[in-house]
Amino acid sequence: MTLLACPPPALEVSLSDSVIRSARFTSPVLFALGALSAWSGQAAGDYGSVSAGLCVCACAAGLFGEDLLQRDYRRDRVVLVHVAAHPGSTTRQVAVALGIPERAVTRNLDRLADEGLLVLVVDGETPALRSYRLAP
């Protein structure tokens with residue numbers, strides 16, 4: 001009687017589609033692959049591979065930069081949804097509820113008010129206390 005050895009179960013790693021599409025994950029991986037391709041091409045003397053690897057690195061850096069630029073706009077959406085759900089929220093209340101620094105929330109609220117999506121409500125008794133609500 002012969003026993004066949006079964007290979008150990010393979011370790012499966014699965015990532016959600018949103019994680020794979022996220023530039024925070026994709027751009028560093030692309031940059032690393034481009035750098036590895038350029039390095040191995042240089043070691044082998046294949047300068048076509050070097051230039052292709054460097055092009056991939058440049059594209060990954062651009063993708064990462066675009067993600068940094070879009071971060072404020074994603075935060076705008078989160079702040080806008082919070083103010084829609086909680087009309088009359090102050091800057092500090094929004095910052096505490098969302099776990100975002102107050103200075104960043106101030107920039108988001110100012111930008112949303114400048115675009116006409118939010119209305120600044122000033123309390124007559126305490127002019128320093130400003131709250132926001134959706135624009136009509």
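Residues Val83 and Val78 fall within the same hydrophobic cluster, defined by Ile, Leu, Val, Met, Phe, Trp and Tyr side chains chained together at heavy-atom separations under 4.5 Å. Grouping the Ile, Leu, Val, Met, Phe, Trp and Tyr side chains by contacts below 4.5 angstrom, directly or via other members, places Leu120 with Val79. Residues Ile100 and Val96 do not share a hydrophobic cluster, defined by chaining ILVMFWY side chains whose heavy atoms lie under 4.5 Å apart. Under the 4.5 Å side-chain contact rule for hydrophobic residues, Val105 and Leu117 share a cluster.
The closest side-chain heavy-atom distance from Asp110 to Tyr132 is below 4.5 Å. Contact of the Arg133 side chain with the Leu118 side chain is not registered, since no non-hydrogen atoms from C-beta on lie closer than 4.5 Å.
When all heavy atoms of Val56 and Leu30 are compared, the closest pair comes out as CG1-O, 3.4 Å. Leu134 and Ala84 make their closest contact through CD1-CB, 3.6 Å (heavy atoms, listed as atom of the first residue, atom of the second, distance). Across Ala35 and Cys57, no two heavy atoms sit closer than the pair N-SG, 3.2 Å. Shortest non-hydrogen contact noted between Gly41 and Val50 is C-CG2, 3.5 Å. Contact detail for Asn108 and Ala104: the closest heavy-atom pair is OD1-O, 2.7 Å. Listed here is the closest heavy atom pair of Val94 and Ser89: CG2-CB, 3.7 Å.
Between the side chain of Ser40 and the backbone N or O of Ser37, at least one donor-acceptor pair lies under 3.5 Å. Without hydrogens or angle criteria, Gln93 side chain to Thr90 main chain gives a donor-acceptor distance under 3.5 Å.
Note: Leu80 CG to Glu115 CD = 9.5 Å, rounded to the nearest 0.5 Å. Distance check: Leu109 CG to His82 NE2 gives 9.5 Å after rounding to the nearest 0.5 Å. Here the straight-line distance linking atom CZ of Arg107 with atom CD of Glu102 works out to 12.0 Å at 0.5 Å rounding.
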